[in-house]
> 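Sharing a structure, written as structure tokens. Questions coming.
Indexing begins at 1, ligand by ligand and atom by atom, following the structure's order.
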Amino acid sequence: MVVVPSRLIDASAPVYGYGEVRATDNDLLSQHDGVPMGEQIIVHGRVTDSWGRPARDMLVEIWQANAAGKYVHDHDRTPKPIDPHFTGAGRTLTNANGEYQFKTIKPGAYPWTQHREAWRAQHLHFCLNGRGLSERLVTQMLFPGDPLIDRDPIVSTIPDEKARERLISRLDWEAAIDQIAIAYRFDIVLGGINATPMER
Ligand code: FE
């Protein structure tokens, strides 16, 4: 079964229904008959509370554009190709140590249509839900060294530079799969002075 989110736009999480999370739901590369276009990557990290304790059994959902910067959604009218082998949504549960992992492709940047000369940096949307949270939390992961981060209209709404930096993942050689995929680590802190910025 292919996970088909009903919404794939900024600030809206995909809707999966209430089926059980399967172990393969975190592999966005194998949801179709063929392999999606683009650079294959591992995205992983740890979710902790404001005290640094692991947030276990947390539902982590991601959604993203394909390698061309195109979403599988009617709202995305940009003239770019849909990848028939890539939906761009996945989910998983954190383990007892608060850790999660996804296999996916690096999303393309895409233009911000609300004003001229603005582009979104390459990003993954994250949604977290679980015990101890009164509402689901939504954030975005950026990629280190992306020159578009400084011009990104969403990132620039966060006034604190340190907070903005908490959205940037880091290259993680230890988690890479040699000759196949490089890895990015994105740790998420739920609250406290080092909290990962969340969308309202
Ligand atoms: Fe987006």
> Are the ring centres of F143 and F186 closer than 6.0 Å?
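When the ring centroids of F143 and F186 are compared, they turn out to be at least 6.0 Å apart.
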> Quick one: does R131's side chain get under 4.5 Å of R56's, heavy atoms only?
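They are in contact (side-chain heavy atoms under 4.5 Å apart), so the answer is yes.
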> Answer yes or no for Y71: is there an N/O/S atom below the 2.8 Å cut-off from the Fe ion (ligand 1)?
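An N, O or S atom of Y71 is closer than 2.8 Å to the Fe ion (ligand 1), so yes.
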> Does any non-hydrogen side-chain atom of R151 lie less than 4.5 Å from one of E117?
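Yes, their side chains come closer than 4.5 Å.
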> H125: which N/O/S atom is nearest the Fe ion (ligand 1)?
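It is NE2 of H125.
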> Within Q140, is some N, O or S atom less than 2.8 Å away from the Fe ion (ligand 1)?
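It does not: Q140 brings no N, O or S atom closer than 2.8 Å to the Fe ion (ligand 1).
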> One thing to verify: whether D187 and R46 come together as a salt bridge, which I'm taking to mean a side-chain N less than 4.0 angstrom from a carboxylate O.
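Not counted as a salt bridge, because no side-chain N and carboxylate O are separated by less than 4.0 Å.
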